[in-house]
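Shown next, in structure tokens, is the structure this report addresses.
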2 protein chains.
Amino acid sequence: MKAEQSIVFGVNAILEKLRASPDEIVEILLAGEAGRTVELEAERLRVRVTHVSRELLDQLALGERHQGALARVAAFRYWPVAELIDNAFSSPPPRRILILDGLTDPRNLGALLRAAEGAGAQHVVIPKDRSASVTPTVIKASAGAAHHMRVSRVTNLRQTMKQLKVRGYWLAGLEAGAETTIYDRTYPERLVIVLGSEGHGMRRLIRQECDFLVSIPMFGKLGSLNVAVAGAVFLYEVLRQERNKDGTDS
Amino acid sequence: MKAEQSIVFGVNAILEKLRASPDEIVEILLAGEAGRTVELEAERLRVRVTHVSRELLDQLALGERHQGALARVAAFRYWPVAELIDNAFSSPPPRRILILDGLTDPRNLGALLRAAEGAGAQHVVIPKDRSASVTPTVIKASAGAAHHMRVSRVTNLRQTMKQLKVRGYWLAGLEAGAETTIYDRTYPERLVIVLGSEGHGMRRLIRQECDFLVSIPMFGKLGSLNVAVAGAVFLYEVLRQERNKDGTDS
């Protein structure tokens with residue numbers, strides 16, 4: 001058994017983990033009948049399944065809703081940022097990178113990972129300090145999408161931004177109230193999307209590092225959207241433009 | 001004091017309630033210094049403020065994070081669906097209506113209300129049964145946007161859909177896996193967007209009532225987005241097309 005361990009709970013999150021990296025699963029614990037699909041898939045992949053009491057799952061899941069299924073896995077593996085930087089020279093390079101400057105709500109981080117995965121943006125960079133990390137709650141909120149993502153954790157976000165810049169990336173900061181909206185721009189081949197924290201947006205030095213700022217247009221009385229929703233709307237606008245350019249009708 | 005009461009908690013949610021309908025606030029309870037902006041705004045609007053212990057707030061908020069501020073308000077006022085139907089003949093009529101077929105997660109409902117408010121879609125219809133209703137948790141998750149929305153609750157969603165249809169609305173169902181994507185369509189003047197529940201999507205009869213189905217294109221390994229994120233991406237695509245038609249560059 002590995003020294004560092006983590007848990008994944010919820011039927012869908014475990015199924016995604018089974019699909020993405022079954023070898024990282026130490027053991028699956030099931031209570032009741034709800035986890036039947038998990039059990040079948042685990043048997044097929046020769047992952048160990050143990051039936052336990054619902055009370056034990058409640059304890060292990062620390063009060064989160066586990067749907068009768070929990071997996072003990074090797075701790076979430078972050079992607080070394082050095083590889084991300086190196087990959088900028090690979091062919092094809094990652095086209096879309098997401099930088100999250102200090103999201104603190106695990107559900108927002110999870111929703112964003114899921115949206116980014118859906119939009120085909122596999123690379124995410126988060127800071128080591130003052131940020132939610134990829135915990136079991138985040139993985140559940142991502143519906144397991146986190147397992148398909150390459151998430152890097154760095155101590156100096158600004159340095160990573162500079163490194164990406166010299167490798168040909170443009171840095172687009174999403175900021176409520178920015179004069180240019182996401183629809184007023186066309187986006188370059190290599191794009192880094194930068195989002196700030198829920199309460200305070202991007203830190204000043206991070207904002208200054210961006211090449212340009214854009215906003216989601218707001219037509220009601222409120223000034224901003226939830227950060228995960230805003231990030232998803234931006235990611236999908238970039239994608240729409242790309243589809244359009246490729247000759248798909250829109 | 002009104003017979004039916006509800007609570008709103010969190011600084012931003014209360015500020016929005018103060019802005020939208022101060023007359024519905026019975027009293028604001030504050031603990032500590034965090035609610036200072038709330039207090040100033042409440043004084044300006046002559047809403048009663050009482051300082052209480054943090055323990056009392058903890059109890060009243062039933063374990064939710066209240067940030068030291070809680071308001072006792074008249075229960076959330078739903079918009080009579082008859083008025084929504086009548087308004088279809090008003091000038092201008094509501095252009096965008098959101099129908100949510102059985103969302104069960106209060107945070108998803110809140111996030112959707114916030115996104116719809118941001119996208120300028122003020123009218124939402126939810127079913128009375130098997131659906132989250134507009135509770136304090138939903139209002140908080142909506143960052144107070146719920147106060148600016150017209151939410152109708154109906155016993156028969158299908159009947160409402162038929163009524164809107166004969167009044168010139170097109171019904172667009174958002175469904176993961178639908179062949180046509182949201183980008184492959186142009187949208188009519190009067191549009192109803194229909195979203196299903198988190199686990200199961202739209203019910204069969206509701207889906208059948210739709211004029212057409214569209215999906216969000218998925219470029220990763222997962223099959224769908226979070227329902228609030230998907231709804232927001234769709235709402236904003238409709239908005240983008242509308243902006244475009246109005247001659248704004250995109």
Side-chain angles (χ1 to χ4, degrees), chain A residues 11-12 15-16 19-20 96 105 107-108 110-122 141-145 147-149 176 181-186 198-199 216-226 228-237 239-244 248-250, chain B residues 11-12 16 19-20 96 105 107-108 110-122 141-145 147-149 176 181-186 198-199 216-237 239-244 248-250:
Chain A
V11 170
N12 288 329
L15 284 174
E16 285 306 324
R19 274 164 210 149
R96 313 290 173 218
D105 184 330
R107 286 195 51 161
N108 282 338
L112 260 173
L113 291 179
R114 184 173 177 187
E117 204 272 341
Q122 218 193 344
S142 82
H147 300 309
H148 302 292
M149 303 291 288
T181 80
I182 56 167
Y183 304 115
D184 301 328
R185 277 249 168 207
T186 52
E198 291 91 354
I216 312 279
M218 301 295 296
F219 290 86
K221 298 213 165 63
L222 267 66
S224 67
L225 296 174
N226 164 282
V229 167
V233 170
F234 190 12
L235 279 161
Y236 267 92
E237 170 59 14
L239 203 65
R240 184 196 65 80
Q241 289 193 11
E242 205 169 298
R243 269 169 63 97
N244 234 5
T248 319
D249 54 330
S250 156
Chain B
V11 170
N12 288 329
E16 285 306 323
R19 273 162 211 151
R96 313 291 172 218
D105 184 329
R107 287 194 50 158
N108 282 338
L112 260 173
L113 292 178
R114 184 173 178 186
E117 205 272 341
Q122 217 193 345
S142 82
H147 300 309
H148 302 292
M149 302 291 287
T181 80
I182 57 167
Y183 304 114
D184 301 329
R185 277 248 167 207
T186 52
E198 291 91 353
I216 311 279
M218 301 294 296
F219 290 85
K221 299 215 164 62
L222 267 67
S224 68
L225 296 174
N226 165 282
V227 62
V229 166
V233 169
F234 190 9
L235 279 161
Y236 266 92
E237 170 59 13
L239 203 66
R240 185 196 64 80
Q241 289 192 12
E242 205 170 299
R243 270 169 62 97
N244 233 5
T248 321
D249 55 329
S250 157

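A 4.5 Å side-chain heavy-atom check between Arg107(B) and Arg107(A) finds at least one atom pair inside the cut-off.
Interface remark: Gln122(A) contributes no atoms to any contact with chain B (heavy atom separation under 4.5 Å). Both the backbone and the side chain of Ala143(A) come within less than 4.5 Å of a heavy atom in chain B. Heavy atoms of Leu239(A) lying under 4.5 Å from chain B belong exclusively to its side chain.
Taking CD of Glu237(A) as the start and CZ of Arg240(B) as the end, the distance is 6.0 Å to the nearest 0.5 Å. Remark: Lys221(A) NZ to His147(B) NE2 distance equals 13.0 Å, nearest 0.5 Å.
Heavy-atom pairs under 4.5 Å with chain B were tallied for Ala119(A), Pro217(A), Ala116(A), Ala111(A); the largest tally goes to Pro217(A). Considering only heavy-atom pairs separated by less than 4.5 Å from chain A, the leading option among Ser224(B), Gly231(B), Gly144(B), Gly110(B) is Ser224(B).
Checked by atom type and distance alone, the side chain of Tyr236(B) never pairs as donor or acceptor with a backbone atom of Phe234(A) at under 3.5 Å.
A pairwise comparison of heavy atoms in Gly118(B) and Leu225(A) identifies CA-CD2, 4.3 Å as the closest pair.
Applying the side chain to side chain contact (heavy atoms under 4.5 Å, CB included) rule to Ala145(B) yields the partners Leu222(A), Arg114(B), Glu117(B), Ser142(B); only residues at least two apart in sequence or on another chain are considered.
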